[in-house]
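Accompanying notes for the structure given below.
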Amino acid sequence: MKRRLLASIALIALALAAGTSARALPGQRLPVWLAWTQANPLLHPLERTKDEMSGGTIYNKHVKSGGIAIYFSAEAGYGDAGGPATIFSENLGLDGPPVGYDLRVHRTIAAKMAKIVYGPAVATDVQNAIVAGDFAIYGSKERISVLKGKLYAYQLNGLGMTVGSRKDLAEILKNLKACATMECGD
């Protein structure tokens, strides 16, 4: 019992040390990230499911706030040389818009989604980010826009937004350029 209490206190301390929600985005080690989600009332409690392709754990939550409904998800990967689990990217999906809705042309809604989960600093970053690339999706009429913000990198397409680290931007652009000309899978 005492160990559980100490572990809970440690998670709260990690959440407080992490600062605002904007500091708990991609790149965080799993324990720090989980502490942030527990400290964020909209994301607590997270549901856990198994990714059928990777076998990893997907953390997810349906959230309704500010007049919109979104689906939040993240999957932990492993760091360099099999290091500790790290959240590499997070996904926000808009729930309920009409068929054909595209966040690429509704950036204000993408910013509103970011504000719900991460707060105003990240929402402003989404709104002011520059387009670093815009790619067709092979075999589809859909496109993906990659945005370079001052805080994070974002991918917008259809109903979804992926939030990732700026340090991964070159790799994201390289992969999407390749996926525009060939099937890349799910």
**OP:** Using a strict 4.0 Å threshold on nitrogen-to-oxygen distance, state whether Asp102 and Arg143 make a salt bridge.
**Re:**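 No.
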Original post:
CG of Leu103 to CE of Met113: how many Å apart, nearest 0.5 Å?
Top reply: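 Atom-to-atom, Leu103:CG and Met113:CE are 5.5 Å apart.
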**OP:** Output the distance between atom NZ (Lys177) and atom CG (Asn175), rounded to the nearest 0.5 Å.
**Re:**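 Rounded to the nearest 0.5 Å, the NZ-CG separation comes out at 12.0 Å.
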Please give me the minimum heavy-atom distance between [X] and [Y], naming the atom from each residue.
X      : Y      : result
Ala153 : Arg166 : N-CG, 3.9 Å
Glu142 : Asn157 : OE1-ND2, 3.0 Å
Ala39  : Pro41  : O-CD, 3.3 Å

**OP:** For residues Ile172 and Gln155, determine if any side-chain heavy atom of one lies less than 4.5 Å from a side-chain heavy atom of the other.
**Re:**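 Side chain of Ile172 against side chain of Gln155, heavy atoms only: contact under 4.5 Å found.
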Original post:
After noting the C-alpha distance and the side-chain angles of Glu90 and Thr162, does the key distance pass the side chain to side chain contact (heavy atoms under 4.5 Å, CB included) rule?
Top reply: CA-CA 6 Å; Glu90 297 175 4; Thr162 299; over 6 Å; no
Subject >> Asn40 side chain to Val117 backbone, donor-acceptor under 3.5 Å >> reply: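 Yes: the side chain of Asn40 pairs with the backbone of Val117.
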**OP:** Starting from Val99, walk the hydrophobic network (Ile, Leu, Val, Met, Phe, Trp, Tyr; side-chain heavy atoms closer than 4.5 Å) and list everyone else you reach, by chain and number.
**Re:**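 When side chains under 4.5 Å apart are linked, Val99 ends up in no cluster with other residues.
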Which donor-acceptor pairs under 3.5 Å do the side chains of residues 123-133 make with protein atoms, sequence neighbours left out?
{"from": "Thr124", "atom 1": "OG1", "to": "Pro120", "atom 2": "O", "distance (Å)": "3.0"}
{"from": "Asp125", "atom 1": "OD1", "to": "Lys150", "atom 2": "N", "distance (Å)": "2.6"}
{"from": "Asp125", "atom 1": "OD1", "to": "Leu151", "atom 2": "N", "distance (Å)": "3.2"}
{"from": "Asp125", "atom 1": "OD2", "to": "Leu151", "atom 2": "N", "distance (Å)": "3.0"}
{"from": "Asp125", "atom 1": "OD2", "to": "Tyr152", "atom 2": "N", "distance (Å)": "3.2"}
{"from": "Asp125", "atom 1": "OD2", "to": "Tyr154", "atom 2": "OH", "distance (Å)": "2.5"}
{"from": "Asn128", "atom 1": "ND2", "to": "Thr124", "atom 2": "O", "distance (Å)": "3.3"}

Review item, side-chain donor-acceptor pairs of residues 55-69, under 3.5 Å, at least two apart:
{"from": "Asn60", "atom 1": "ND2", "to": "Thr49", "atom 2": "OG1", "distance (Å)": "3.2"}
{"from": "Lys61", "atom 1": "NZ", "to": "Pro45", "atom 2": "O", "distance (Å)": "3.2"}

**OP:** Find out if a path of hydrophobic residues (ILVMFWY) with successive side-chain heavy-atom gaps under 4.5 Å connects Tyr71 to Ile87.
**Re:**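 No, separate clusters.
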